[in-house]
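Quantities reported herein were computed from a predicted structural model and do not represent experimental measurements. Just so it is clear, the values below take in all heavy atoms, side chains as well, and ignore hydrogens, waters and symmetry mates.
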Amino acid sequence: MTAMAEGEPGEPNPEAFVYGEEDFVLQAADWGDPDSAPSRLDRLLLAGWSDRMERGLFRYRLGPLPTRVLPGPVRLVAQLNEQRSAERRPPQPVRSLRDPFDPGAFNFTRLRPAELLFRLRRTGGPGPPSDPLLVAINASPLERGHVLLLPEPARRLPQVLTAPALRGALEAALLSGHPGFRVGFNGLGGGASVNHLHLHGLYLDRPLPLEEAPAEPLGPRLGLLRAGPAPAFLFFAPGPAALEPVSRAVCRAAEHLGGAGLACNVLATRGDPPAGPGAGGRRGLRVLLWARRPLFGPKAGEPFAVALCELAGLLPLPTEPLYRDITEAQALSAIRQHLLPEPELLHLGGELARLLEN
């Protein structure tokens, strides 16, 4: 079912991963044995990723990472990843939520051909087509299988989420049989390090509380999820037919946040319906949208940067003393300083619920 992709003029032409609705994995493997039923996508992605690791195409060799759960009710997961902090490319300076694409700065048209794994391209299916996505290694990986999902880099789009790009990423999540394959997005002012439209995909080998915790309903298509270190607006796609309307709804909400001067982060994960596991209904995709104060440049005294992983409860930490000594209270303080006060959050939730009803 693979073929050669068309590609953009002058752009590397990686192998295409052509898929249809029959390739979606509606029921992922259980957490008891998450690698028991790898899908066609999992096999191709992880084989290509491991091959590039062996060939030395990453900035560092990623082995097993020291990991511990911080004592406390939130159950934050800390990981020590010293090499990423030391070796990754410095984040681009961002001045506003609306910074245009800068062709003079690093961007994904400069990736080496060997860093590209394949191109995701859907055939058939209901609704408008999703964006074809180039899948490339993240040369400074957080975890095994950490990849970039790139909507045609030659279009040179800034880091502003679009519905076709998000839908393509959500489809990628459903192409995996691993329960911990998550996709996500960091907006400008929300931890994005490159101002060129991209999303992340990575395998996280443990469940997170936000997969099953019940949400407070704000409207027919929107909830407020308080599980984890930071409250998030929750959207839910019970199956493939819902991916297109959910993608449009998330992007309308993200656009509203930008208009209000707020940054955003997005994470999609397998999970229960918004009412939680005891309410009936099969698992689908939970899509979380975090609203936050934008931050442009590093903040003095901050123990770690806060982007989608930290908001979800996974803390990649840069030094051994910080990894060893940090407490849940210290981590929550570092994360929550970027969030909205409760009255402002609830007011924003009401605005989003009304927006999505129209």
Trace of the side chain to side chain contact (heavy atoms under 4.5 Å, CB included) decision for Leu224 with Leu346: CA-CA 9 Å; Leu224 180 62; Leu346 294 177; 3.9 Å; yes
One pair to check against side chain to side chain contact (heavy atoms under 4.5 Å, CB included): Leu314 and Gln79. What are the steps and the verdict? CA-CA 8 Å; Leu314 176 70; Gln79 282 192 328; 4.1 Å; yes
Could you walk me through whether Leu288 and Leu311 pass the side chain to side chain contact (heavy atoms under 4.5 Å, CB included) check? CA-CA 10 Å; Leu288 285 76; Leu311 293 168; over 6 Å; no
Please determine whether salt bridge (charged side-chain N to carboxylate O under 4.0 Å, His left out) holds for the pair Arg61 and Glu54, giving the CA-CA distance in whole Å, both sets of side-chain angles, and the decisive distance to 0.1 Å. CA-CA 9 Å; Arg61 188 169 187 85; Glu54 292 302 317; 2.6 Å; yes
Apply salt bridge (charged side-chain N to carboxylate O under 4.0 Å, His left out) to residues Glu21 and Arg122 and explain how you reach the verdict. CA-CA 8 Å; Glu21 193 158 348; Arg122 180 173 177 174; 3.5 Å; yes
List the steps and the verdict of side chain to side chain contact (heavy atoms under 4.5 Å, CB included) for Arg155 and Asp131. CA-CA 12 Å; Arg155 292 164 62 191; Asp131 270 1; 3.4 Å; yes
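Judged purely by atom type and a 3.5 angstrom limit, Ser50 uses its side chain to pair as donor or acceptor with the backbone of Leu46. Remark: the backbone N or O of Leu355 is paired with a side-chain donor or acceptor of Arg252 at under 3.5 angstrom. In this structure, Glu357 contributes its side chain and Arg354 its backbone to no donor-acceptor pair below 3.5 Å. Between the side chain of Gln330 and the backbone N or O of Thr327 there is at least one donor-acceptor pair closer than 3.5 Å. Between the side chain of Asp99 and the main chain of Leu188, no donor-acceptor pair closer than 3.5 Å is present. Proximity of a side-chain donor or acceptor of Arg121 to a complementary backbone N or O of Pro132 within less than 3.5 Å is not detected. In terms of modelled atom types and a separation under 3.5 Å, the side chain of Arg112 and the main chain of Leu57 share a donor-acceptor contact. Judged by distance alone, the side chain of Arg52 and the main-chain N or O of Leu116 form a donor-acceptor pair under 3.5 Å. At least one donor-acceptor pair under 3.5 Å links the side chain of Asn195 to the backbone N or O of Gln159.
In this structure, Leu289 and Phe235 approach most closely via the heavy-atom pair CB-CE1, 4.0 Å. Residues Val94 and Gly189 approach most closely at CG1-N, 4.4 Å, considering heavy atoms. Here the closest non-hydrogen pair linking Ala213 and Ala227 is CB-CB, 3.3 Å. Shortest non-hydrogen contact noted between Ala249 and Leu356 is O-CD2, 3.7 Å. Between Leu339 and Pro229 the shortest heavy-atom distance is CD1-O, 4.3 Å. Smallest separation of non-hydrogen atoms from Leu80 and Pro318: CD1-C, 4.3 Å.
Between atom CD of residue Glu211 and atom CG of residue Asp272 there is a gap of 8.5 Å, rounded to the nearest 0.5 Å. Between Arg167 atom CZ and Arg248 atom CZ the span is 10.0 Å, to the nearest 0.5 Å. Atom CZ of Phe296 is separated from atom CZ of Arg95 by 10.0 Å, given to the nearest 0.5 angstrom. Put simply, SG on Cys251 and CG on Leu161 are 4.0 Å apart, with the number rounded to the nearest 0.5 Å.
When side chains are defined from C-beta on, Trp290 counts as touching Leu267, because their heavy atoms get closer than 4.5 Å. A 4.5 Å side-chain heavy-atom check between Leu257 and Leu97 finds every atom pair outside the cut-off. For the pair His196 and Thr109, the minimum side-chain heavy-atom distance is below 4.5 Å. In this structure, Asp51 and Leu117 have side chains that are not in contact, with every pair of non-hydrogen atoms separated by 4.5 Å or more. Looking at Leu44 and Val135, their side chains never come closer than 4.5 Å, going by heavy atoms from C-beta outward. Side-chain contact between Pro66 and Glu320: absent, with no pair of heavy atoms (C-beta onward) separated by less than 4.5 Å. Annotation: side chain of Leu262 is in contact with side chain of Leu348 (closest heavy-atom distance under 4.5 Å).
Residues Ile326 and Leu76 share a hydrophobic cluster, clusters being chains of Ile/Leu/Val/Met/Phe/Trp/Tyr side chains in contact below 4.5 Å. Linking Ile, Leu, Val, Met, Phe, Trp and Tyr whenever their side-chain heavy atoms come within less than 4.5 Å puts Leu148 and Val194 in one cluster. One hydrophobic cluster holds both Val287 and Phe24 under the rule that ILVMFWY side chains link at heavy-atom gaps under 4.5 Å. In this structure, Phe181 is not a member of the same hydrophobic cluster as Leu308, with clusters built from ILVMFWY side-chain heavy atoms closer than 4.5 Å. Taken together through direct or relayed side-chain contacts under 4.5 Å among Ile, Leu, Val, Met, Phe, Trp and Tyr, Leu243 and Phe236 form parts of separate hydrophobic clusters.
A salt bridge is defined here as a Lys NZ or Arg NE, NH1 or NH2 lying under 4.0 Å from an Asp or Glu carboxylate O, and Glu152 with Arg119 meets this definition. Between Arg144 and Asp35 a salt bridge is recorded (basic side-chain N to carboxylate O distance below 4.0 Å).
A search for ring-ring contact (aromatic ring centres under 6.0 Å, His included) contacts involving His146 returns His200, not counting sequence neighbours.
The local environment of CZ in Arg110 is crowded, with over 12 non-hydrogen atoms from other residues, nucleotides or ligands closer than 6.0 Å. Residue-environment remark: CG (Asp30) stays at or below the threshold of 12 foreign heavy atoms within 6.0 Å. In the displayed structure, Arg75 atom CZ is contacted under 6.0 Å by at most 12 heavy atoms of other residues, nucleotides or ligands. Counting non-hydrogen atoms of other residues, nucleotides and ligands closer than 6.0 Å to CD of Glu255 gives a total of 12 or fewer. Taking a 6.0 Å sphere around CZ of Arg55, one finds it holds more than 12 heavy atoms contributed by other residues, nucleotides or ligands.
Judged purely by distance below 3.5 Å, without hydrogens or angles, the side chains of Thr269 and Arg182 pair a donor atom with an acceptor atom. Side chains of His338 and Glu302: a donor on one and an acceptor on the other come within 3.5 Å. With hydrogens and angles left out, the side-chain atoms of Arg156 and Asn107 include no donor and acceptor closer than 3.5 Å.
Classified by interplanar angle (parallel below 30°, tilted 30° to 60°, perpendicular above 60°), the ring pair Phe118/Phe17 is tilted. Ring geometry for Phe108 versus Phe106: interplanar angle over 60°, hence perpendicular rather than tilted (30 to 60°).
Under the 6.0 Å distance and 45° angle rule, Arg68 counts as a cation-pi partner of Tyr323.
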